[in-house]
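Both backbone and side-chain heavy atoms feed into the values below; hydrogens, waters and symmetry mates do not. The chain is numbered in sequence order, starting from 1.
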Amino acid sequence: MAAAAVMERSFVELNAAKREARRRFRDFSISSGVSPVSGGVKYSESAGGFYYAESSKLLSITRNRFMHWISSGDTLELVEESLDINLLNNAVRLKIVNCSILPGGVHVCETQSHVIIMILTNQTVHRFVLPHPSRMYRSELITESHIQSIFTDIGKYNFRDPSNYYVIPSIPGLAPTSTASAAWLSSDGETVFALPSASGGILILKMPPVDVSGVVSILELKQSSVVQRILTGWMPTAIRGDQGPSDLPISLLVHCLENDALLFALCQDHKLRMWSYKDQMCLMVADMLEFVPVNKDMRQTAGTGHKLRLAFSPSLGLYLGVYMHAPRRGQFCVFQLVSPENNRYSLDHISSLFTNQETLVDFTLTSTDIWALWQDEESQTIVKHINFEHNLAGQWNPVFVQPLPEEVSINDNQDPRETYLEALFTPGQFTSAALLKALQIYCRGVGRILEFSWEELKKEVTLAVETELHSSITEYELSQEEFRQLQVEFWSKFYACCLQYQEALSRPLALHVNPHANMVCLLKKGFLSFLVPCSLVDHLYLLLDEHFLTEDESAISEDLDFAHDVTCLIQCLKLIRESISVDMACVMETACFHLQSPEVAAGQILQDLISNDMEHVMNDIHSKLHDIRNPVQAIKWIIREMDYETEMEMERGFDAAQPLNVRMNLSQLYGSDTAANIVCQAVYHIAATRFLICRDLLVLQQEMLRLGDMVFGGGQLLQAQQELMPRTSQLLSSYYVIRWGSQCLASAVPVDMLESNLQHLSVLELSDSPALAPAHRSVSSPQTVIELFFQDMSRKQIITHLFSQPNTPLSQTALNWPQLVAAIASYLIQQIWPNNPGFLFPECLMGSCQYIQLQEYVRLLQSWCQVNVGSCRFMLGQCYLVTGEGHKALECFSQAASEVRQEDFLDRLIRVEDGEAASTPRLQYYNKVLRLLEDVGLPELVIQLATLAITEAADDWRSQAALRTRIFKHHLDLGHNSQAYEALTQISDSSRQLDCLRQLVVILCERSQLQDLVEFPYVNLHNEVVGIIESRARAVDLVTHNYYELLYAFHIYRHNYRKAGTVMFEYGMRLGREVRTLHGLQKQVNSYLSALNCLRLIRPEYAWIVQPASGAVYERPGTSPKRSHDGECTAIPTSRQIEILELKDLEKEYILARTRLTLAQHDPSTAAVAGSSAAEEMVALLVQAGLFDTAISLCQTFKLALTPVFEGLAFKCIKLQCGGEAVQTEAWDWLAANQLPTVITTKESSATDEAWRLLSSYLTKYKCQNNQYHRCIINQLLSHGIPLPNWLINSYKAVDAAELLRLYLNYDLLAEASDLVLEYVDALLGKGHQYFGIEHPLSATSPMVWLPYSAIDHLLWVLAENPANQYNSAVYQKLREKLSDYLQKVDMATRDMLYRCTRR
């Protein structure tokens, strides 16, 4: 693995500008009541920074937190940054009206409770008091990813508070030619400002402490060490004496002591003066020219370009760094302030360092190093550093600054728009501020350029350039080549505009160094950049030959010969790099993108180099190759330094043994977007640099192979060809993939889609994978996929790993930025290294819904990476699932199965509970994939994969049964009924088979695909099918489901007519009980009719069925228990008597059901009552409804008396006779339902007449032995007081006159009874005997006749009982006479009969 250690000799600049809309500043205007200075000096832009005192402490609230600012004219932009947490409201823009901020005129101090910002302008001084971060939050343990900045409440600050600003008095006033300034807090809490006065001294303005009332006091430090206190005004210059301008301070710095402050002034006369603020006297004067070797010319000129810096170390004391500026050269002098003896200070000269750079922008001094920033004549930024005590011949160490974007060259096969867009929006190329400014200028300032997101900005740029392009076209027709040339012209114009503004924003302004954390930042006009250390192999490759030192060789190896070999080899690589043109470089880029062999591409590049070698570079390479003693070992060293392959896995959580506050602080370390950006840029720089190293090394190896034995010793040629080149090729491909990931932007995914994705992936049950943890993650701003991985997963694991090793210096509480950022970048590369067994990076992409990027990542690996092959195929399958290419996904999933138990990710994928671990690992894998496919909703693929998995489960009948069950289920879901049945028959587990059979029945019934259900053969499953359908039939509601008809069809299809009849009879029984509606009655009739038909198809001796148990309806599973009246559960009968029903019994039930239907059709309201009524009850209901024909038919079927029918009809006749028109109208309805006798057409007939006629016809049609029907009718009429109709009387007289007489007597109808007796006696005597059914009247020769004497005696007794009634008396007398006459004739007839008998 590549070493995590770094050689901190060279550093690399990394841009911290975010790929989002420009920073949002909150603007505030400050008015001090001053007027603008006419003709005043225009100050240059300036920048600076401030770090908190405890910013390098691990457990501090201000860890990795700092401020930086840029001033320009009257505007100051202040930004607070944190590398651990994203700060909110952290940028403010202050505009101080009518004033110009002095360069370097911003100073910041902190106390335990406040952060105080001090600003000096050309007319005023200001103080802003803000809360300290340690006082802003409830707890020192911050767990949020976003917190408020100290600038959050600056809008509440009273900028007009006179205690916090002061106008510089005009006398003596500010020196116009110097911009030096200093500000600090005294030991008493006073805010002190120091600036050069116009009189050449140092003007001191002292504000009272915060929240303490008071006035600003002013004093001036004179060179004579006399302090003149200014109370009411200023004395004229002539009185106090003149001081020359050579004493004017050009650089002011202050060092605070416990009770004093030392003020250092570097003046134009090249002298350094030190003042005591407390004693208000000059303690030391040192001539800096004494330390300059050639100073004659400098003494004659004012030192306007000198700079002064301080550095304090508690252990080493105070260091002073002085830059002495001279034309075309400069010198740094470092001094140490010697402790006072006898109140006399002195400087101890430590070092003098020389430079030939022209324009020094800024430099910073630490206790060990000088960091310097220049800008050369071509406006190129130059940053260097040096250890001022320990250096070799004053050799400065380089910083590889970030170059400006290169010009774009377009090939004929490239699209201009796509090429320029890629160059503009590749991460790390252009800042959004430069793009927005260029867009505004390109659009000629039309409209207001809004704050766009990265993607929106890309669309706006495309729209602007294309609009400008099309507006310039004047011809109607253009050739393709002409249009392409126009595209190149307009896109190159916009690109040049972007380059111009990127260059302007990249202008360096200052260095910001935190010596406690060794963190160096470069403050530029448009953004902030960080310096991170360079690894040894990168340092050697990027270092210019003139900067190469012997210590570089010693860093390679203690073996000087071997170190020399490596050095020569790297020099060859540099020669190749400098000779490779853009087109040659594209050959390797294209080969890597298209997954072609890098070795072949390297050979092609070598051929191009040889053919275009105009400067004989190849000869130089050959010469250096001949100086290498052991090229194989040198190449191995380079490969080993660049290889991150390891078998070690990082911990996935913090050490529980660490205290809670340490763990919580570590969880936030480098958690901000800025830190992620820097770390991932470091990864990109490493990957990009080493990709070039590998490319050049491959080219060099090709050349070495071409030279053969001239370079390699015995046996080394074969080793180089078989081992070194393949390893180099793999390294190149690995770094190409990492470089791609560092530039590939992640897609913005909505939160709901993320949640849906995680829910979908939950079926994988990767509970130990942080990539699939149910945490809220979203892509903030445009992140690269490696930044996304670092923030979501990798960062905490790396920090845990770093701080879990107590023997390393990284575990100390003081943070070292170069070590940490280099180690984090190294471990991050290790985690994403393709040839390492870890697979968290693809897991993160999958969990974050980055499927397009994940697909490309797998594609880039597939041709050469032999690690995690199966896992990558699985990931590719998952990508295909998301993009809707299911069949490709299935192919990938199938290919991944061969790697199960060989890769960690697939092992975690198949990890199951102990109780489920019986199946083979590959079967477990197939089950996981099947769940995934089921969750996506791809049943066809589930069937295919399950079929494939069955071959793997040849000896596992349980797994086979489970897989065939899956196949059955999805065939059934797809409507493949035949295939589903076939799969069902192959299930070896009987319980699963029964469950599937039940599901088949239910689903096909719900789909109404009954033909398939009936026609399946059901080999060895016939009884199970019948049982399932029967149980379903008895368990479900008859209204919504009709399993009985299905079962009927099932038996009919198999010619089992008795079973079919039994089913339909049970169906009819249940319909009568449960579905008491007209529709239910209709179904009941049909079901009974079907049952009859079934039995009629059987031979008569077998035409019977078993009576279905009525309890079958209620005793089915799931039914609530039946309870008695006292709440106790009733006992279920254990046995019942079997009842056999024959064909005639079914016919009776059919007739009864048909009768119910007839009644319900006539009167639907009776359906609920008639549904389960017996025959006797039905007769009553029919009579009530007026369906007398039906009632008579039912009575005849069940051999019931017709008495209820006649009584009911008689009652309706009574109602008709007594009712009105409404009753008459209603009667026609039920009359029409009966078969009336012949219609009388001679006269109009009423409903009453028709009813009486119907009654008469029934009496005629249906005879009774004892005339019961007549008697019941007459009883009904007489009981309601209705006189008997003549036809009824005549009819009854003819059959039973005696009974009629008794009925008359029962109802006290004496007159009718008397008349009947008289008529009856006359009939016996021969008068009208035919009306009484008497064939022969009274005579000696005819049969005997008789009279109801008891009834007549009863009548006579009643008539005689009331003699006062004349009518009764008359009738009584008449009856006595008629009876006397009758008796006489009876006596005569008797004698004649006796006479005749004696004669015989």
Quick one: ring pair (Phe, Tyr, Trp, His ring centres under 6.0 Å) partners of Trp396, sequence neighbours excluded? Phe332, Trp374
Would you call the rings of His385 and Phe11 parallel, tilted or perpendicular, where under 30° means parallel and over 60° means perpendicular? perpendicular
Should the pair Trp833 and Tyr735 be assigned to parallel (<30°), tilted (30 to 60°) or perpendicular (>60°) ring geometry? perpendicular
Return the set of residues passing side chain to side chain donor-acceptor pair (under 3.5 Å) with Gln429 (not counting sequence neighbours), or none when no residue passes. none
Applying side chain to side chain donor-acceptor pair (under 3.5 Å) to Gln402 and Ser529, what does each step give before you reach the verdict? CA-CA 9 Å; Gln402 190 170 24; Ser529 60; over 6 Å; no
Are Pro398 and Leu543 close enough that some pair of their side-chain heavy atoms sits under 4.5 Å apart? yes
Flag the pair Glu489 and Arg484 as a salt bridge only when some basic side-chain nitrogen lies within less than 4.0 angstrom of an acidic carboxylate oxygen. no
Derivation and outcome, side chain to side chain donor-acceptor pair (under 3.5 Å), residues Ser623 and Asp620: CA-CA 5 Å; Ser623 144; Asp620 296 338; 5.9 Å; no
Let me see the working for Asn836 and Gln830 under side chain to side chain donor-acceptor pair (under 3.5 Å), right down to the final yes or no. CA-CA 7 Å; Asn836 282 342; Gln830 176 185 325; 5.8 Å; no
One thing to verify: whether Lys524 and Glu13 come together as a salt bridge, which I'm taking to mean a side-chain N less than 4.0 angstrom from a carboxylate O. yes
Whether over 12 other heavy atoms sit under 6.0 Å from Glu723 CD: yes
All salt bridge (Lys or Arg N to Asp or Glu O under 4.0 Å) counterparts of Lys888, not counting sequence neighbours: Glu885
Contacts of type ring pair (Phe, Tyr, Trp, His ring centres under 6.0 Å), residue Phe388, not counting sequence neighbours: Tyr319
Taking every heavy atom of Asn630 against every heavy atom of Asp565, the minimum-distance pair comes out as N-OD2, 3.2 Å
Restricting to ring pair (Phe, Tyr, Trp, His ring centres under 6.0 Å), what partner residues turn up for Tyr736, sequence neighbours left out? Phe691
Who pairs with Ser734 by side chain to side chain donor-acceptor pair (under 3.5 Å), at least two apart in sequence or on another chain? none
